[in-house]
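First up is the structure itself, then whatever we jot down about it.
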Amino acid sequence: MTGNLTRDERIAAFIDGALEGSELAAFEAELETDSELAGELERLMANDTLLREAFGAPMQVVADDALLARMGLLPDKVEKPVDLDAHRRSARVANDNPPFRTRWALPVGGAIAASLTLAILFIGPGGNSFDRALENTPSGQFAAMDNGSRLTPLLTFVASDGSYCREFSIAREAAAGGAGIACRRSGSWQVEALERGATELADPNEIALASGVEDATLDAVYDRLGASDPFDAKREARLIQQDWSPSKNNLSAVE
Amino acid sequence: MERDSRPDTTDLREQIVALLPRLRRFCMALARDADKGDDLCQAAIERALSRSEQFQTGTRLDSWMYRIAQNIHIDQARRLQTRGVEIDVDEAYGLRGEDGLQLVEGRSDLERAQTAMAALPEEQRVLMALVVLDGMSYRDAATTLDIPIGTVMSRIARARRAIDKAVNGETVQ
């Protein structure tokens with residue numbers, strides 16, 4: 001492969017292991033007798049060593065978080081579940097649903113009753129009860145749906161396509177229920193994921209399933225949607241107040 | 001914070017992390033400066049992750065990443081050229097001290113080697129980075145840069161000659 005090489009090319013090819021067969025043998029034979037060639041080879045190889053040393057710094061660096069962050073290599077997966085779990089926890093603490101019958105006996109019953117009333121007040125005419133619940137209910141509070149299940153939004157985020165989405169749980173008195181994710185598209189809420197328990201409690205007439213809705217873990221759906229970090233309560237309240245329109249008051253969907 | 005909605009890039013990320021020391025060295029050599037090299041490296045990683053579907057499993061990740069970095073570098077150099085900015089070789093790798101002249105006098109061998117590398121034409125420097133620094137074979141370097149193997153050989157030979165001149169002076173023979 002080496003054909004007619006110049007002297008410099010032969011030396012370089014020898015150093016880089018690109019001389020083969022008879023060419024290699026001929027070069028090695030020359031080295032035996034030609035001390036000038038041997039000296040030059042030695043010098044050029046020393047130059048290479050010097051170069052590798054001069055550019056050796058990156059090879060010594062251990063990739064810590066700071067470097068990975070600088071390189072855009074910190075996986076956001078590491079942060080994501082922490083954020084989500086914190087939001088879910090706080091939403092569940094705010095809506096620490098005891099069974100219906102005992103709820104009213106608790107000292108905090110009044111506050112929860114108030115939030116229930118609030119949710120019902122917010123639900124206006126139009127749409128179905130699933131849409132209305134997601135449309136109007138702050139995370140951590142719940143809304144009653146027409147089929148008797150309760151829907152509790154847990155957190156709100158924006159997907160990479162600009163849609164607003166909410167994770168919610170659906171529960172009924174004795175049933176365990178489950179969680180789901182729905183995104184608001186063209187004014188109504190489409191379910192992107194629904195855990196089995198939630199599916200049983202949802203009203204199939206009310207719920208619009210997005211195409212390819214997943215029975216997978218919610219985390220996979222967060223990934224697929226390209227979810228932002230969850231919104232804080234203030235931003236969520238603003239969106240609810242503004243009917244999920246980002247344009248009012250120059251609210252941008254992506255902050 | 002927006003997240004990547006493309007197919008899972010976890011595997012690719014991990015492979016890039018493993019490649020990172022070599023990738024940073026390559027970018028540093030290309031950009032002629034450690035900081036600018038890291039900028040280049042970051043840009044290359046961002047592009048790679050956003051085009052992860054273009055990477056074919058089973059092919060060499062290093063070649064793919066180097067090619068991406070080189071493309072970005074060429075684009076940047078072209079933009080700089082049209083703006084009429086020239087890179088001062090003495091500023092390369094952040095070598096210039098308070099007193100430029102004195103630094104040249106007392107410049108260590110390592111600094112001389114970096115400066116010599118910075119002074120090489122682009123097409124020779126990238127090959128020195130691939131073959132001499134990274135240890136790639138001529139064949140792999142040719143594939144990575146999509147040039148004939150004979151071109152690799154002649155550029156490497158010329159680059160080595162130029163480096164030798166810069167490091168050891170004209171008179172050495």
Side-chain angles (χ1 to χ4, degrees), chain A residues 1-13 15-18 36 39-40 43-63 67-68 70-77 79-80 83 157-161 220 222-229 254-255, chain B residues 1-6 8-10 13-14 16-18 20-29 34 37-38 41-43 45-46 49 93 109-114 116-117 128-129 131-133 135-139 141 149-150 152-154 156-161 163-164 167-168 172-173:
Chain A
M1 76 175 192
T2 43
N4 295 320
L5 300 181
T6 66
R7 179 185 153 91
D8 281 356
E9 285 169 358
R10 289 179 75 215
I11 300 175
I15 295 174
D16 298 321
E36 194 183 301
E40 201 169 343
R43 204 177 65 243
L44 291 177
M45 288 177 78
N47 291 346
D48 282 3
T49 306
L50 191 64
L51 274 181
R52 280 190 285 268
E53 219 178 308
F55 288 85
M59 302 304 287
Q60 316 297 327
V61 176
V62 178
L67 178 61
L68 292 182
R70 163 95 161 93
M71 293 296 144
L73 281 169
L74 266 194
D76 12 56
K77 275 205 185 75
E79 305 160 24
K80 189 59 58 180
D83 282 345
F157 60 90
V158 64
S160 59
D161 68 357
Y222 275 102
D223 277 346
R224 177 171 61 76
L225 291 171
S228 70
D229 286 339
V254 181
E255 276 178 3
Chain B
M1 181 177 63
E2 290 293 329
R3 305 182 69 207
D4 195 349
S5 59
R6 288 164 194 283
D8 192 11
T9 55
T10 311
R13 261 175 222 267
E14 280 168 9
I16 294 176
V17 170
L20 194 56
R22 287 168 57 208
L23 185 60
R24 287 181 70 218
R25 177 174 62 185
F26 178 76
C27 289
M28 175 186 172
D38 275 351
C41 194
Q42 183 272 328
I45 290 169
E46 190 181 347
L49 289 175
Y93 306 115
D109 284 351
L110 292 185
E111 287 169 334
R112 237 200 295 272
Q114 290 186 338
M117 185 80 159
M128 288 297 278
V131 173
V132 174
L133 297 184
M136 254 192 202
S137 69
Y138 286 177
R139 196 180 300 278
I149 197 163
V152 171
M153 212 174 290
S154 62
I156 287 283
R158 270 181 279 143
R160 276 217 176 89
R161 181 58 61 199
I163 295 278
D164 186 43
V167 171
N168 299 314
V172 182
Q173 199 37 262

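Just so it is clear, the values below take in all heavy atoms, side chains as well, and ignore hydrogens, waters and symmetry mates. It should be emphasised that the depicted structure is a prediction, and the values quoted were computed from it without experimental measurement. Below, chains carry the letters A, B, ... as their sequence lines are ordered, and counting in each starts from 1.
- Put simply, CE on M153(B) and CZ on R10(A) are 12.0 Å apart, with the number rounded to the nearest 0.5 Å.
- Heavy-atom distances place the side chain of L20(B), and not its backbone, under 4.5 Å from chain A.
- Of all non-hydrogen atoms in F55(A) and R25(B), the two that sit nearest each other are O-CD, 3.2 Å.
- Every residue meeting the side-chain contact (heavy atoms from CB on, under 4.5 Å) condition with A43(B), not counting sequence neighbours, appears here in chain and number order: I72(B).
- Scanning both residues, R13(B) and G72(A), for their nearest heavy atoms gives NH1-O, 3.8 Å.
- Qualifying side-chain contact (heavy atoms from CB on, under 4.5 Å) partners for V17(B), counting only residues two or more places apart in sequence or in other chains: L68(A), L73(A).
- With a 4.5 Å cut-off on non-hydrogen atoms, N47(A) touches chain B through its side chain but not through its backbone.
- Considering all non-hydrogen atoms of both residues, S154(B) and E9(A) come closest at CB-OE2, 3.0 Å.
- Both the backbone and the side chain of R22(B) have a heavy atom closer than 4.5 Å to some heavy atom of chain A.
- The shortest non-hydrogen separation linking A54(A) to A113(B) is CB-CB, 4.0 Å.
- The line from CG of L49(B) to CE of M71(A) is 12.5 Å long, rounded to the nearest 0.5 Å.
- Heavy-atom pairs under 4.5 Å with chain B peak, among Q60(A), R70(A), R52(A), at R70(A).
- A salt bridge does not link D8(A) to R160(B): none of the charged nitrogens lies less than 4.0 Å from a carboxylate oxygen.
- Of the two parts of M128(B), only the side chain, counted from C-beta on, holds a non-hydrogen atom closer than 4.5 Å to a non-hydrogen atom of chain A.
- Looking at heavy atoms from C-beta onward, L67(A) lies in side-chain contact with R24(B) at the 4.5 angstrom threshold.
- For V167(B), the part lying near chain A is the side chain, with the backbone staying farther off; criterion is any non-hydrogen pair under 4.5 Å.
- Proximity to chain A is absent for every atom of S137(B), based on heavy atoms less than 4.5 angstrom apart.
- Interatomic distance, L51(A) CG to D109(B) CG, rounded to the nearest 0.5 Å: 11.0 Å.
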